[in-house]
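Below: one structure, written as structure tokens.
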Amino acid sequence: QIVAQYDAMPLGNRYPTSWWAAGEVISETVTLDLRDVKPGTYRLAVGLYEPRTATRLAAVGPDGARLEADRAVLPESITAPKR
């Protein structure tokens, strides 16, 4: 279940994936609004999609196998505190 999300091209809409070189690594900090999220521990996932069609792009792991739901689930988790 998605409780918060951020949709934009990389680097604040300034660096579309069509400009990327093969093997290029992009780093970006994203802030999610968690004010309406129930307290608990959550996993973060990242996926890419074609904005004109909203079609999710294929995501593959280091072993070349396709990732479930075409998204990379990050090893870190976050905790939304009780208010």
### Query
At their closest point, which heavy atom of R14 faces which heavy atom of W19, and how far apart are they?
O-CZ3, 3.5 Å

#### Entry: Residues forming a side chain to side chain donor-acceptor pair (under 3.5 Å) with T55, sequence neighbours excluded
T53

### Task
Report the residues that fulfil side chain to side chain donor-acceptor pair (under 3.5 Å) with R52, sequence neighbours left out, ordered by chain and then residue number.
E50

## Note on the structure
Joining Ile, Leu, Val, Met, Phe, Trp and Tyr whenever any side-chain heavy atoms lie under 4.5 Å apart, the cluster holding L57 also takes in L48

### Task
Check the pair V37, L32 against side chain to side chain contact (heavy atoms under 4.5 Å, CB included), reporting the backbone distance first and the verdict last.
CA-CA 10 Å; V37 173; L32 295 173; over 6 Å; no

### Query
Would you find more than 12 non-hydrogen atoms of other residues, nucleotides or ligands less than 6.0 Å from E28 atom CD?
yes

### Task
Might you point out which heavy atoms bring A45 and R71 nearest each other, and give the distance in Å?
CB-CD, 3.8 Å

### Query
Is it the case that one hydrophobic cluster holds both V73 and Y42, taking links as side-chain heavy atoms less than 4.5 Å apart, direct or via other members?
no

Which pairs of donor and acceptor atoms, one on a side chain in residues 1-12, lie under 3.5 Å apart (sequence neighbours left out)?
residue : atom : partner : partner atom : Å
Q5      : NE2  : D7      : OD2          : 2.6
D7      : OD1  : Y49     : OH           : 3.3

### Query
Taking all non-hydrogen atoms of both residues, which atom of A80 and which atom of K38 are closest, and how far apart?
CB-O, 3.8 Å

### Message
The criterion is salt bridge (charged side-chain N to carboxylate O under 4.0 Å, His left out); which residues satisfy it with R66, sequence neighbours excluded?
### Response
D70

## Note on the structure
Sorted by chain and number, sequence neighbours left out, side-chain contact (heavy atoms from CB on, under 4.5 Å) with A72 holds for L67

### Query
Should we say atom CG of D36 is surrounded by more than 12 heavy atoms from elsewhere, each under 6.0 Å from it?
no

### Query
Can you list the residues that meet the side-chain contact (heavy atoms from CB on, under 4.5 Å) rule with S18, with sequence neighbours excluded?
P16

### Query
Can you tell me how far CH2 of W20 sits from CD1 of I26, rounded to the nearest 0.5 angstrom?
5.0 Å

### Task
Kindly write out the residues that satisfy side chain to side chain donor-acceptor pair (under 3.5 Å) with R35, not counting sequence neighbours, or none if the list is empty.
D33

